[in-house]
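None of the values given here were measured: they were computed from a predicted structure.
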Amino acid sequence: LKPLWLPPAKARGAMSSSRLGAAAYDAVVIGGGSGGSAFAKRAAGYGAKVALIERGVSRDEAGVRRGAGAGGTCVNVGCVPKKIMFMAGAHREAMIGSVATARGFGFSVPSAAGVFDWAGVKARRDAYVARLNENYLAGWKKEGIDVIQGLASFIDSKTVSVAMPDGTEQTLSGKQVMLACGGEPAMPPIPGAELAISSDGFFDLEKQPKKVAVVGAGYIAVEMAGILHALGSETHLFFRGETVLRRGFDPFIVESLMEAMEHHGPVLHKGSTPASIARAADGTLTYSATQAGSSEAVSFEGFDCVLMAIGRRPVTDLLHLDRAGVKTTKGGLIEVDEFENTSTPGVCAIGDATTTGWELTPVAIAAGRRLADRLFGGEPRARIAYEQIATVVFSHPPIGTIGLTEPQARKEFGDDAITVKSARFPSMLYAFNDPESKVKTGLKLVLRGPEETVVGLHCIGPYSDEMLQGFAVAVRMGATRSDFEASVAIHPTIAEEFVTFGGWGQKKVDGVLRPELPPYLRAKL
(Lines give C-alpha, C1' and ligand atoms only; values in the text may rest on other atoms or scores of the structure.)
Protein backbone atom coordinates (compact mmCIF):
# COMPACT_ATOMS: atom_id res chain seq x y z
CA LEU A 1 0.00 0.00 0.00
CA LYS A 2 1.39 3.40 -0.94
CA PRO A 3 1.69 6.04 1.80
CA LEU A 4 -1.62 7.73 2.44
CA TRP A 5 -0.39 10.88 4.12
CA LEU A 6 -1.51 14.24 2.84
CA PRO A 7 -0.56 17.44 4.68
CA PRO A 8 -3.16 18.48 7.26
CA ALA A 9 -5.39 21.31 6.10
CA LYS A 10 -3.58 23.85 8.31
CA ALA A 11 -0.38 23.34 6.35
CA ARG A 12 -2.24 24.20 3.16
CA GLY A 13 -3.96 27.24 4.68
CA ALA A 14 -7.40 25.68 4.37
CA MET A 15 -8.36 25.55 8.03
CA SER A 16 -7.73 27.35 11.27
CA SER A 17 -5.99 25.65 14.19
CA SER A 18 -7.09 24.99 17.72
CA ARG A 19 -5.49 23.32 20.78
CA LEU A 20 -1.69 23.57 20.59
CA GLY A 21 -1.68 24.02 16.83
CA ALA A 22 -3.93 21.06 16.07
CA ALA A 23 -5.49 21.16 12.62
CA ALA A 24 -9.24 21.72 13.11
CA TYR A 25 -11.94 19.85 11.21
CA ASP A 26 -15.68 19.45 11.23
CA ALA A 27 -15.15 15.69 11.40
CA VAL A 28 -12.19 13.48 12.20
CA VAL A 29 -12.70 9.89 11.06
CA ILE A 30 -10.62 7.06 12.51
CA GLY A 31 -10.58 4.14 10.11
CA GLY A 32 -10.54 3.99 6.32
CA GLY A 33 -12.66 0.89 5.90
CA SER A 34 -16.09 0.65 4.36
CA GLY A 35 -17.91 2.51 7.13
CA GLY A 36 -15.34 5.22 7.72
CA SER A 37 -14.99 5.86 4.00
CA ALA A 38 -18.75 6.04 3.45
CA PHE A 39 -19.19 8.52 6.29
CA ALA A 40 -16.23 10.67 5.23
CA LYS A 41 -17.32 10.94 1.60
CA ARG A 42 -20.96 11.68 2.46
CA ALA A 43 -19.97 14.28 5.06
CA ALA A 44 -17.51 15.94 2.69
CA GLY A 45 -20.23 16.00 0.03
CA TYR A 46 -22.34 18.10 2.39
CA GLY A 47 -19.50 20.58 2.69
CA ALA A 48 -17.90 19.36 5.92
CA LYS A 49 -14.12 19.62 6.33
CA VAL A 50 -13.08 16.02 6.92
CA ALA A 51 -9.88 14.31 7.96
CA LEU A 52 -9.63 10.54 7.62
CA ILE A 53 -6.98 8.67 9.59
CA GLU A 54 -6.09 5.27 8.16
CA ARG A 55 -3.68 3.02 10.05
CA GLY A 56 -2.34 1.33 6.93
CA VAL A 57 -0.68 -2.08 6.92
CA SER A 58 2.25 -3.18 9.05
CA ARG A 59 3.70 -6.49 10.23
CA ASP A 60 4.67 -7.52 13.73
CA GLU A 61 7.83 -9.45 14.64
CA ALA A 62 6.20 -12.71 13.59
CA GLY A 63 5.10 -11.29 10.24
CA VAL A 64 1.44 -11.13 11.24
CA ARG A 65 -0.53 -8.44 9.49
CA ARG A 66 -1.62 -5.47 11.60
CA GLY A 67 -4.16 -3.18 9.99
CA ALA A 68 -6.19 -3.89 6.88
CA GLY A 69 -5.36 -0.88 4.69
CA ALA A 70 -7.42 1.44 2.52
CA GLY A 71 -10.88 -0.06 2.15
CA GLY A 72 -10.63 -2.02 5.40
CA THR A 73 -11.10 -5.70 6.06
CA CYS A 74 -13.63 -6.27 3.27
CA VAL A 75 -11.42 -5.04 0.45
CA ASN A 76 -8.11 -6.40 1.68
CA VAL A 77 -8.61 -9.54 3.75
CA GLY A 78 -12.34 -10.17 3.67
CA CYS A 79 -15.29 -10.10 1.31
CA VAL A 80 -13.53 -9.22 -1.93
CA PRO A 81 -10.52 -11.61 -1.99
CA LYS A 82 -12.65 -14.28 -0.30
CA LYS A 83 -15.28 -14.08 -3.05
CA ILE A 84 -12.54 -14.46 -5.66
CA MET A 85 -11.35 -17.65 -3.98
CA PHE A 86 -14.95 -18.85 -3.55
CA MET A 87 -15.54 -18.44 -7.28
CA ALA A 88 -12.28 -20.21 -8.07
CA GLY A 89 -13.44 -23.12 -5.94
CA ALA A 90 -16.84 -23.14 -7.64
CA HIS A 91 -15.16 -23.40 -11.06
CA ARG A 92 -13.13 -26.39 -9.91
CA GLU A 93 -16.15 -28.05 -8.31
CA ALA A 94 -17.98 -27.89 -11.63
CA MET A 95 -15.16 -29.87 -13.26
CA ILE A 96 -13.75 -32.14 -10.57
CA GLY A 97 -15.11 -33.91 -7.52
CA SER A 98 -18.22 -35.59 -6.19
CA VAL A 99 -20.63 -32.86 -7.34
CA ALA A 100 -18.99 -31.99 -10.69
CA THR A 101 -21.47 -31.16 -13.43
CA ALA A 102 -19.35 -30.43 -16.51
CA ARG A 103 -19.17 -34.01 -17.84
CA GLY A 104 -22.92 -34.45 -17.54
CA PHE A 105 -23.43 -31.38 -19.72
CA GLY A 106 -21.20 -32.81 -22.42
CA PHE A 107 -17.76 -31.38 -21.69
CA SER A 108 -14.58 -33.42 -21.85
CA VAL A 109 -12.67 -32.74 -18.66
CA PRO A 110 -8.97 -33.64 -18.78
CA SER A 111 -7.38 -35.08 -15.65
CA ALA A 112 -5.27 -31.94 -15.21
CA ALA A 113 -8.35 -29.72 -15.03
CA GLY A 114 -8.37 -29.88 -11.25
CA VAL A 115 -4.84 -28.56 -10.85
CA PHE A 116 -5.13 -25.11 -9.30
CA ASP A 117 -2.54 -22.39 -9.97
CA TRP A 118 -2.58 -20.91 -6.46
CA ALA A 119 0.37 -18.58 -7.03
CA GLY A 120 -1.04 -17.23 -10.28
CA VAL A 121 -4.49 -16.57 -8.84
CA LYS A 122 -2.95 -14.98 -5.75
CA ALA A 123 -0.92 -12.60 -7.90
CA ARG A 124 -3.97 -11.57 -9.93
CA ARG A 125 -6.12 -11.32 -6.80
CA ASP A 126 -3.57 -9.13 -5.04
CA ALA A 127 -3.32 -6.88 -8.08
CA TYR A 128 -7.11 -6.58 -8.16
CA VAL A 129 -7.17 -5.58 -4.50
CA ALA A 130 -4.37 -3.08 -5.07
CA ARG A 131 -6.47 -1.39 -7.75
CA LEU A 132 -9.34 -1.15 -5.28
CA ASN A 133 -6.98 0.47 -2.77
CA GLU A 134 -6.10 3.06 -5.39
CA ASN A 135 -9.80 3.62 -6.09
CA TYR A 136 -10.40 4.36 -2.42
CA LEU A 137 -7.55 6.84 -2.32
CA ALA A 138 -8.77 8.51 -5.50
CA GLY A 139 -12.31 8.72 -4.13
CA TRP A 140 -11.14 10.40 -0.94
CA LYS A 141 -9.01 12.85 -2.89
CA LYS A 142 -11.92 13.68 -5.20
CA GLU A 143 -14.08 14.61 -2.21
CA GLY A 144 -11.37 16.86 -0.78
CA ILE A 145 -10.77 14.69 2.29
CA ASP A 146 -7.44 15.04 4.08
CA VAL A 147 -6.07 11.51 4.44
CA ILE A 148 -3.43 10.77 7.04
CA GLN A 149 -1.68 7.43 7.51
CA GLY A 150 -0.88 6.60 11.09
CA LEU A 151 -2.11 5.17 14.36
CA ALA A 152 -4.72 7.36 16.03
CA SER A 153 -5.41 7.76 19.74
CA PHE A 154 -7.40 10.24 21.80
CA ILE A 155 -5.85 13.12 23.72
CA ASP A 156 -9.31 14.23 24.81
CA SER A 157 -12.82 13.91 23.39
CA LYS A 158 -12.18 16.51 20.69
CA THR A 159 -8.47 15.97 19.99
CA VAL A 160 -6.69 13.08 18.34
CA SER A 161 -2.99 12.33 18.09
CA VAL A 162 -1.65 10.43 15.08
CA ALA A 163 1.61 8.49 15.29
CA MET A 164 3.05 8.79 11.78
CA PRO A 165 5.11 6.10 10.00
CA ASP A 166 8.21 8.35 10.15
CA GLY A 167 8.03 8.59 13.93
CA THR A 168 6.54 12.08 14.10
CA GLU A 169 3.10 12.98 15.42
CA GLN A 170 0.22 15.01 14.05
CA THR A 171 -2.56 16.46 16.19
CA LEU A 172 -6.08 16.97 14.89
CA SER A 173 -9.22 18.34 16.48
CA GLY A 174 -12.76 17.69 15.37
CA LYS A 175 -16.18 19.03 16.20
CA GLN A 176 -17.20 15.44 15.60
CA VAL A 177 -14.96 12.39 15.96
CA MET A 178 -16.24 9.27 14.23
CA LEU A 179 -14.81 5.86 15.12
CA ALA A 180 -14.79 3.15 12.47
CA CYS A 181 -11.72 1.17 13.49
CA GLY A 182 -13.18 -2.27 12.77
CA GLY A 183 -11.91 -5.59 14.09
CA GLU A 184 -9.34 -8.30 13.62
CA PRO A 185 -9.28 -12.10 14.01
CA ALA A 186 -9.08 -13.50 17.53
CA MET A 187 -6.63 -16.28 18.34
CA PRO A 188 -7.08 -18.89 21.08
CA PRO A 189 -4.89 -18.83 24.22
CA ILE A 190 -3.40 -22.29 23.65
CA PRO A 191 0.20 -23.52 23.42
CA GLY A 192 1.50 -23.15 19.88
CA ALA A 193 -1.15 -20.67 18.77
CA GLU A 194 1.61 -18.65 17.08
CA LEU A 195 2.03 -21.54 14.63
CA ALA A 196 -1.48 -21.04 13.30
CA ILE A 197 -2.74 -18.45 10.85
CA SER A 198 -5.96 -16.46 10.91
CA SER A 199 -8.38 -15.68 8.09
CA ASP A 200 -6.12 -12.66 7.39
CA GLY A 201 -3.15 -15.01 7.06
CA PHE A 202 -5.03 -17.13 4.55
CA PHE A 203 -4.54 -14.36 1.99
CA ASP A 204 -0.78 -14.34 2.64
CA LEU A 205 -0.33 -18.02 1.76
CA GLU A 206 2.10 -18.29 -1.15
CA LYS A 207 1.40 -21.98 -1.75
CA GLN A 208 -1.72 -24.07 -1.48
CA PRO A 209 -1.64 -26.28 1.61
CA LYS A 210 -2.03 -29.95 0.81
CA LYS A 211 -3.59 -30.70 4.17
CA VAL A 212 -5.19 -28.03 6.34
CA ALA A 213 -7.11 -27.79 9.61
CA VAL A 214 -9.73 -25.06 9.96
CA VAL A 215 -10.93 -24.39 13.51
CA GLY A 216 -14.25 -22.65 14.18
CA ALA A 217 -18.01 -22.93 13.78
CA GLY A 218 -18.95 -19.49 12.45
CA TYR A 219 -19.41 -18.33 8.90
CA ILE A 220 -15.74 -17.45 8.38
CA ALA A 221 -14.63 -20.97 9.35
CA VAL A 222 -17.32 -22.50 7.14
CA GLU A 223 -16.31 -20.31 4.19
CA MET A 224 -12.58 -20.94 4.58
CA ALA A 225 -13.05 -24.70 4.90
CA GLY A 226 -15.38 -24.77 1.91
CA ILE A 227 -12.96 -22.81 -0.28
CA LEU A 228 -9.94 -24.94 0.62
CA HIS A 229 -11.87 -28.18 0.08
CA ALA A 230 -13.27 -26.97 -3.24
CA LEU A 231 -9.78 -26.06 -4.43
CA GLY A 232 -8.50 -29.58 -3.69
CA SER A 233 -6.81 -29.33 -0.30
CA GLU A 234 -7.47 -32.11 2.17
CA THR A 235 -9.49 -30.05 4.61
CA HIS A 236 -10.54 -30.84 8.18
CA LEU A 237 -13.05 -28.61 9.98
CA PHE A 238 -12.98 -28.70 13.79
CA PHE A 239 -15.81 -27.17 15.85
CA ARG A 240 -17.07 -27.37 19.44
CA GLY A 241 -20.72 -28.32 19.00
CA GLU A 242 -22.68 -30.81 16.97
CA THR A 243 -23.14 -28.36 14.10
CA VAL A 244 -21.64 -25.22 12.63
CA LEU A 245 -23.51 -21.88 12.45
CA ARG A 246 -25.18 -22.48 15.81
CA ARG A 247 -26.05 -18.82 16.35
CA GLY A 248 -28.45 -16.77 14.25
CA PHE A 249 -29.25 -19.28 11.49
CA ASP A 250 -32.47 -21.19 11.01
CA PRO A 251 -32.22 -24.89 11.96
CA PHE A 252 -33.50 -25.78 8.49
CA ILE A 253 -30.47 -24.04 6.95
CA VAL A 254 -28.02 -25.55 9.41
CA GLU A 255 -29.39 -29.06 8.80
CA SER A 256 -29.13 -28.56 5.04
CA LEU A 257 -25.56 -27.27 5.27
CA MET A 258 -24.44 -30.09 7.55
CA GLU A 259 -25.92 -32.65 5.17
CA ALA A 260 -24.13 -31.07 2.21
CA MET A 261 -20.80 -30.90 4.02
CA GLU A 262 -21.04 -34.45 5.35
CA HIS A 263 -21.63 -35.78 1.84
CA HIS A 264 -19.53 -33.44 -0.28
CA GLY A 265 -17.40 -31.24 1.96
CA PRO A 266 -14.43 -31.24 4.31
CA VAL A 267 -13.81 -33.84 7.00
CA LEU A 268 -15.91 -32.77 10.01
CA HIS A 269 -14.72 -33.07 13.60
CA LYS A 270 -17.65 -32.35 15.92
CA GLY A 271 -17.39 -31.63 19.65
CA SER A 272 -13.79 -30.50 19.29
CA THR A 273 -12.10 -27.86 21.52
CA PRO A 274 -8.60 -26.51 20.67
CA ALA A 275 -5.84 -27.71 23.02
CA SER A 276 -2.45 -27.12 21.36
CA ILE A 277 -0.45 -26.91 18.15
CA ALA A 278 3.07 -28.27 17.75
CA ARG A 279 5.62 -28.45 14.95
CA ALA A 280 6.69 -32.00 14.07
CA ALA A 281 10.19 -33.03 13.05
CA ASP A 282 9.16 -33.12 9.39
CA GLY A 283 7.95 -29.52 9.53
CA THR A 284 4.23 -30.32 9.51
CA LEU A 285 1.86 -29.24 12.27
CA THR A 286 0.13 -31.43 14.82
CA TYR A 287 -3.19 -30.06 16.04
CA SER A 288 -4.52 -31.40 19.33
CA ALA A 289 -8.06 -31.01 20.59
CA THR A 290 -10.19 -32.34 23.40
CA GLN A 291 -13.34 -34.12 22.36
CA ALA A 292 -16.79 -33.71 23.88
CA GLY A 293 -17.09 -35.66 27.13
CA SER A 294 -13.34 -36.11 27.57
CA SER A 295 -10.54 -34.00 29.00
CA GLU A 296 -7.84 -35.94 27.18
CA ALA A 297 -6.54 -34.31 24.00
CA VAL A 298 -6.49 -36.19 20.72
CA SER A 299 -3.76 -35.34 18.20
CA PHE A 300 -4.20 -34.92 14.45
CA GLU A 301 -0.97 -34.93 12.46
CA GLY A 302 0.47 -33.88 9.14
CA PHE A 303 -1.08 -30.46 8.55
CA ASP A 304 0.67 -27.93 6.36
CA CYS A 305 -1.48 -25.22 7.87
CA VAL A 306 -3.81 -24.67 10.84
CA LEU A 307 -6.27 -21.82 10.27
CA MET A 308 -8.02 -20.35 13.29
CA ALA A 309 -11.43 -18.80 12.63
CA ILE A 310 -12.84 -18.72 16.16
CA GLY A 311 -14.17 -15.16 16.07
CA ARG A 312 -13.11 -11.54 15.83
CA ARG A 313 -12.24 -8.80 18.30
CA PRO A 314 -12.68 -5.02 18.01
CA VAL A 315 -9.52 -3.00 17.43
CA THR A 316 -10.22 -0.44 20.14
CA ASP A 317 -7.44 -1.11 22.64
CA LEU A 318 -4.97 1.32 21.03
CA LEU A 319 -7.35 4.29 20.85
CA HIS A 320 -7.17 5.33 24.53
CA LEU A 321 -10.94 5.64 24.59
CA ASP A 322 -10.82 6.32 28.32
CA ARG A 323 -9.28 9.73 27.64
CA ALA A 324 -12.42 10.64 25.71
CA GLY A 325 -14.78 9.04 28.22
CA VAL A 326 -16.06 6.54 25.66
CA LYS A 327 -17.59 3.46 27.29
CA THR A 328 -16.95 -0.04 26.02
CA THR A 329 -18.04 -3.55 26.91
CA LYS A 330 -15.65 -5.98 28.61
CA GLY A 331 -14.82 -7.30 25.18
CA GLY A 332 -13.89 -3.85 23.90
CA LEU A 333 -16.97 -3.10 21.82
CA ILE A 334 -17.92 0.58 21.77
CA GLU A 335 -21.35 1.13 23.31
CA VAL A 336 -23.63 3.09 21.00
CA ASP A 337 -27.30 4.04 20.87
CA GLU A 338 -29.63 3.73 17.89
CA PHE A 339 -28.16 6.91 16.38
CA GLU A 340 -24.53 5.68 16.68
CA ASN A 341 -23.81 8.06 19.58
CA THR A 342 -21.27 6.88 22.16
CA SER A 343 -21.33 7.84 25.83
CA THR A 344 -19.38 11.00 24.94
CA PRO A 345 -21.11 13.89 23.11
CA GLY A 346 -19.48 14.57 19.79
CA VAL A 347 -18.00 11.06 19.47
CA CYS A 348 -19.86 8.54 17.31
CA ALA A 349 -18.99 5.02 16.22
CA ILE A 350 -20.12 2.58 13.55
CA GLY A 351 -19.28 -0.86 12.23
CA ASP A 352 -17.67 -3.99 13.61
CA ALA A 353 -16.22 -2.31 16.71
CA THR A 354 -19.64 -1.33 18.12
CA THR A 355 -22.41 -3.04 20.05
CA THR A 356 -24.80 -2.96 17.09
CA GLY A 357 -24.02 -6.63 16.42
CA TRP A 358 -23.75 -6.62 12.63
CA GLU A 359 -20.25 -7.27 11.27
CA LEU A 360 -21.18 -6.72 7.64
CA THR A 361 -19.69 -4.30 5.12
CA PRO A 362 -23.00 -3.00 3.66
CA VAL A 363 -24.28 -2.38 7.18
CA ALA A 364 -21.25 -0.23 8.01
CA ILE A 365 -21.63 1.67 4.72
CA ALA A 366 -25.32 2.36 5.33
CA ALA A 367 -24.66 3.36 8.95
CA GLY A 368 -21.87 5.73 7.87
CA ARG A 369 -23.99 7.43 5.24
CA ARG A 370 -26.98 7.83 7.53
CA LEU A 371 -24.81 9.21 10.31
CA ALA A 372 -23.38 11.81 7.91
CA ASP A 373 -26.94 12.64 6.81
CA ARG A 374 -27.82 13.33 10.44
CA LEU A 375 -24.70 15.26 11.44
CA PHE A 376 -24.09 17.25 8.26
CA GLY A 377 -27.08 16.76 5.95
CA GLY A 378 -29.71 18.40 8.12
CA GLU A 379 -31.77 15.27 8.70
CA PRO A 380 -31.95 14.62 12.46
CA ARG A 381 -34.03 11.43 12.03
CA ALA A 382 -31.49 9.67 9.82
CA ARG A 383 -30.22 6.31 11.08
CA ILE A 384 -30.00 2.71 9.95
CA ALA A 385 -32.55 0.24 11.31
CA TYR A 386 -30.71 -2.81 12.62
CA GLU A 387 -33.43 -5.26 11.71
CA GLN A 388 -34.39 -7.35 8.70
CA ILE A 389 -30.88 -7.10 7.29
CA ALA A 390 -30.06 -9.60 4.58
CA THR A 391 -26.86 -11.59 4.81
CA VAL A 392 -25.11 -14.26 2.78
CA VAL A 393 -22.64 -16.97 3.71
CA PHE A 394 -20.33 -18.05 0.89
CA SER A 395 -20.36 -21.64 2.03
CA HIS A 396 -20.48 -24.60 -0.33
CA PRO A 397 -23.38 -24.39 -1.11
CA PRO A 398 -24.04 -20.70 -0.36
CA ILE A 399 -26.64 -19.44 2.10
CA GLY A 400 -28.94 -16.42 2.00
CA THR A 401 -31.08 -15.24 4.90
CA ILE A 402 -33.13 -12.28 6.07
CA GLY A 403 -35.41 -11.76 9.05
CA LEU A 404 -36.31 -14.10 11.87
CA THR A 405 -35.54 -17.77 12.17
CA GLU A 406 -38.50 -20.03 12.94
CA PRO A 407 -37.53 -20.37 16.64
CA GLN A 408 -37.08 -16.60 16.94
CA ALA A 409 -40.45 -15.94 15.32
CA ARG A 410 -42.25 -18.43 17.54
CA LYS A 411 -40.65 -16.91 20.62
CA GLU A 412 -41.58 -13.36 19.58
CA PHE A 413 -45.10 -13.91 18.23
CA GLY A 414 -46.19 -17.26 19.70
CA ASP A 415 -46.59 -20.68 18.08
CA ASP A 416 -50.16 -20.07 16.94
CA ALA A 417 -49.16 -16.97 14.98
CA ILE A 418 -46.46 -18.70 12.89
CA THR A 419 -46.73 -20.90 9.82
CA VAL A 420 -43.90 -22.21 7.73
CA LYS A 421 -43.44 -23.12 4.08
CA SER A 422 -40.31 -25.06 3.12
CA ALA A 423 -38.90 -27.31 0.43
CA ARG A 424 -35.71 -29.25 -0.31
CA PHE A 425 -34.81 -30.45 -3.78
CA PRO A 426 -31.84 -30.86 -6.16
CA SER A 427 -31.95 -28.12 -8.79
CA MET A 428 -31.61 -28.64 -12.54
CA LEU A 429 -27.92 -27.79 -12.22
CA TYR A 430 -27.48 -31.41 -11.11
CA ALA A 431 -29.95 -32.92 -13.59
CA PHE A 432 -27.36 -35.35 -15.00
CA ASN A 433 -25.61 -36.23 -11.74
CA ASP A 434 -26.20 -39.48 -9.93
CA PRO A 435 -28.56 -39.11 -6.95
CA GLU A 436 -25.73 -39.25 -4.40
CA SER A 437 -23.86 -36.52 -6.30
CA LYS A 438 -26.58 -33.89 -6.17
CA VAL A 439 -26.46 -30.88 -3.85
CA LYS A 440 -29.89 -30.06 -2.47
CA THR A 441 -31.40 -26.60 -2.46
CA GLY A 442 -33.41 -25.60 0.60
CA LEU A 443 -35.96 -22.74 0.70
CA LYS A 444 -38.04 -21.61 3.67
CA LEU A 445 -40.55 -18.89 4.48
CA VAL A 446 -41.49 -17.99 8.05
CA LEU A 447 -44.96 -16.37 8.03
CA ARG A 448 -46.73 -14.39 10.77
CA GLY A 449 -50.44 -14.00 11.47
CA PRO A 450 -53.53 -14.59 9.36
CA GLU A 451 -52.16 -12.20 6.72
CA GLU A 452 -49.03 -14.40 6.53
CA THR A 453 -46.48 -11.58 6.54
CA VAL A 454 -43.02 -12.87 5.59
CA VAL A 455 -40.93 -12.31 8.72
CA GLY A 456 -38.16 -14.71 7.71
CA LEU A 457 -36.79 -15.93 4.38
CA HIS A 458 -33.99 -18.48 4.23
CA CYS A 459 -32.30 -20.28 1.34
CA ILE A 460 -29.33 -22.55 0.76
CA GLY A 461 -28.08 -23.95 -2.52
CA PRO A 462 -26.62 -22.78 -5.83
CA TYR A 463 -27.17 -19.06 -6.53
CA SER A 464 -28.75 -18.37 -3.12
CA ASP A 465 -26.26 -15.52 -2.73
CA GLU A 466 -27.51 -13.83 -5.89
CA MET A 467 -31.15 -14.75 -5.32
CA LEU A 468 -31.56 -13.10 -1.94
CA GLN A 469 -31.23 -9.40 -2.76
CA GLY A 470 -34.53 -9.04 -4.59
CA PHE A 471 -36.46 -11.01 -2.00
CA ALA A 472 -34.83 -8.92 0.74
CA VAL A 473 -36.43 -5.78 -0.71
CA ALA A 474 -39.85 -7.45 -0.60
CA VAL A 475 -39.40 -8.69 2.97
CA ARG A 476 -38.21 -5.26 4.10
CA MET A 477 -41.39 -3.75 2.59
CA GLY A 478 -43.60 -6.09 4.61
CA ALA A 479 -44.61 -8.48 1.84
CA THR A 480 -47.06 -11.28 2.57
CA ARG A 481 -47.25 -14.76 1.07
CA SER A 482 -50.13 -13.45 -1.03
CA ASP A 483 -47.85 -10.71 -2.38
CA PHE A 484 -45.26 -13.32 -3.29
CA GLU A 485 -47.83 -15.45 -5.08
CA ALA A 486 -49.19 -12.43 -6.96
CA SER A 487 -45.85 -12.36 -8.76
CA VAL A 488 -46.08 -14.98 -11.51
CA ALA A 489 -43.24 -17.50 -11.33
CA ILE A 490 -40.24 -17.40 -13.65
CA HIS A 491 -39.72 -20.94 -14.91
CA PRO A 492 -37.53 -22.91 -14.70
CA THR A 493 -35.62 -21.25 -11.86
CA ILE A 494 -34.77 -22.11 -8.30
CA ALA A 495 -36.28 -18.87 -7.02
CA GLU A 496 -39.75 -19.66 -8.38
CA GLU A 497 -40.32 -22.05 -5.47
CA PHE A 498 -40.58 -19.04 -3.15
CA VAL A 499 -43.70 -17.88 -5.02
CA THR A 500 -45.24 -21.30 -5.74
CA PHE A 501 -45.19 -23.16 -2.41
CA GLY A 502 -47.97 -25.70 -1.80
CA GLY A 503 -51.38 -24.10 -1.34
CA TRP A 504 -50.68 -21.45 -3.97
CA GLY A 505 -53.56 -18.96 -4.23
CA GLN A 506 -55.55 -20.69 -1.50
CA LYS A 507 -56.16 -20.24 2.21
CA LYS A 508 -57.72 -22.48 4.83
CA VAL A 509 -60.97 -21.12 6.26
CA ASP A 510 -62.53 -23.28 8.99
CA GLY A 511 -60.33 -26.15 7.84
CA VAL A 512 -61.40 -25.89 4.20
CA LEU A 513 -59.21 -24.55 1.37
CA ARG A 514 -60.71 -21.47 -0.26
CA PRO A 515 -59.47 -19.28 -3.11
CA GLU A 516 -57.50 -16.26 -1.96
CA LEU A 517 -57.42 -13.32 -4.32
CA PRO A 518 -54.10 -11.55 -4.89
CA PRO A 519 -53.74 -8.07 -3.36
CA TYR A 520 -54.20 -6.26 -6.66
CA LEU A 521 -57.68 -7.77 -7.07
CA ARG A 522 -58.72 -7.43 -3.44
CA ALA A 523 -57.96 -3.73 -3.59
CA LYS A 524 -60.57 -3.24 -6.34
CA LEU A 525 -63.43 -4.84 -4.41
Side-chain angles (χ1 to χ4, degrees), residues 1 30-39 54-59 64-90 121-122 124-137 139 180-187 196-205 214-228 230-231 245 248 307-316 333 350-354 356-368 389-396 398-400 465 468:
L1 181 66
I30 299 177
S34 301
S37 177
F39 172 87
E54 165 53 42
R55 180 180 181 179
V57 180
S58 61
R59 302 276 174 174
V64 176
R65 185 187 189 110
R66 298 299 180 202
T73 296
C74 178
V75 167
N76 295 282
V77 286
C79 328
V80 172
K82 172 194 70 184
K83 183 67 180 291
I84 288 174
M85 301 304 282
F86 169 84
M87 292 188 292
V121 170
K122 181 182 185 301
R124 292 188 290 276
R125 185 193 72 211
D126 291 351
Y128 182 81
V129 168
R131 289 194 294 272
L132 295 180
N133 295 148
E134 294 296 333
N135 290 344
Y136 267 81
L137 295 173
C181 54
E184 66 181 9
M187 299 297 280
I197 66 170
S198 68
S199 56
D200 286 4
F202 169 81
F203 299 106
D204 287 334
L205 290 174
V214 178
V215 182
Y219 75 91
I220 295 176
V222 169
E223 290 176 337
M224 292 286 104
I227 289 168
L228 285 159
L231 292 175
L245 302 184
L307 192 160
M308 290 289 174
I310 61 170
R312 292 178 64 82
R313 57 175 293 274
V315 186
T316 54
L333 292 171
I350 61 172
D352 295 6
T354 71
T356 52
W358 292 89
E359 297 182 11
L360 297 172
T361 295
V363 172
I365 292 172
I389 293 174
T391 186
V392 160
V393 179
F394 289 102
S395 48
H396 290 254
I399 293 167
D465 47 331
L468 182 66

message = Please report the interatomic distance NZ(K122) to CG(L205), rounded to the nearest 0.5 Å.
response = 8.5 Å

task = Kindly determine whether M85 and V121 satisfy side-chain contact (heavy atoms from CB on, under 4.5 Å), including the steps that lead there.
result = CA-CA 8 Å; M85 301 304 282; V121 170; 4.1 Å; yes

key: Minimum heavy-atom distance E54-G31, with the two atoms named   = OE1-C, 4.0 Å

query = What heavy-atom pair brings A68 and V57 nearest, and what distance separates the two atoms?
reply = O-CG2, 3.3 Å

query = Given the rule in the side-chain contact (heavy atoms from CB on, under 4.5 Å) test, do K83 and F394 qualify, once you have shown the distances and angles that lead to the verdict?
reply = CA-CA 8 Å; K83 183 67 180 291; F394 289 102; 3.5 Å; yes

Nearest non-hydrogen partners of Y219 and L245, listed with the distance = N-CD2, 3.6 Å

key: Reported OG-to-CZ distance for the pair S58 and R65, which is rounded to 0.5 angstrom   = 9.5 Å

message = Could you check whether any side-chain heavy atom of V129 comes within less than 4.5 Å of a side-chain heavy atom of F203, counting everything from C-beta outward?
response = no

ask   = Name the one of E184, R312, M187 that satisfies side chain to side chain contact (heavy atoms under 4.5 Å, CB included) with S198?
value = M187

key: Euclidean distance, E223 CD relative to L228 CG, rounded to 0.5 Å   = 12.0 Å

query = Any donor-acceptor pair under 3.5 Å linking the side chain of R124 with the backbone of D126?
reply = no

request  = Could you tell me which non-hydrogen atom of S395 sits nearest to which non-hydrogen atom of V222, and how far apart they are?
outcome  = CB-CG1, 3.5 Å

request  = Would you name the heavy atoms of I227 and F202 that are closest together and state the gap between them?
outcome  = CG2-CZ, 4.1 Å

query = Out of curiosity, I220 CD1 to I310 CD1, how far, rounded to the nearest 0.5 Å?
reply = 11.0 Å

ask   = Counting only N and O atoms by type, is there a donor-acceptor contact under 3.5 Å from the side chain of D465 to the main-chain atoms of V392?
value = no

request  = Evaluate the side-chain proximity of Y128 to V80: yes if any heavy-atom separation is below 4.5 Å, no if none is.
outcome  = yes

Min side-chain heavy-atom separation R55-R66 under 4.5 Å = yes

task = Find the distance between CD (E359) and OG1 (T73) and round it off to the nearest 0.5 Å.
result = 9.5 Å

ask   = Do you know the tightest heavy-atom contact between N133 and A70?
value = ND2-O, 2.8 Å

inquiry  = Are C181 and T316 packed together at the side-chain level, in the sense that at least one heavy-atom pair is separated by less than 4.5 angstrom?
reply    = yes

message = Nearest 0.5 angstrom please: N135 CG to R131 CZ, how far?
response = 9.0 Å

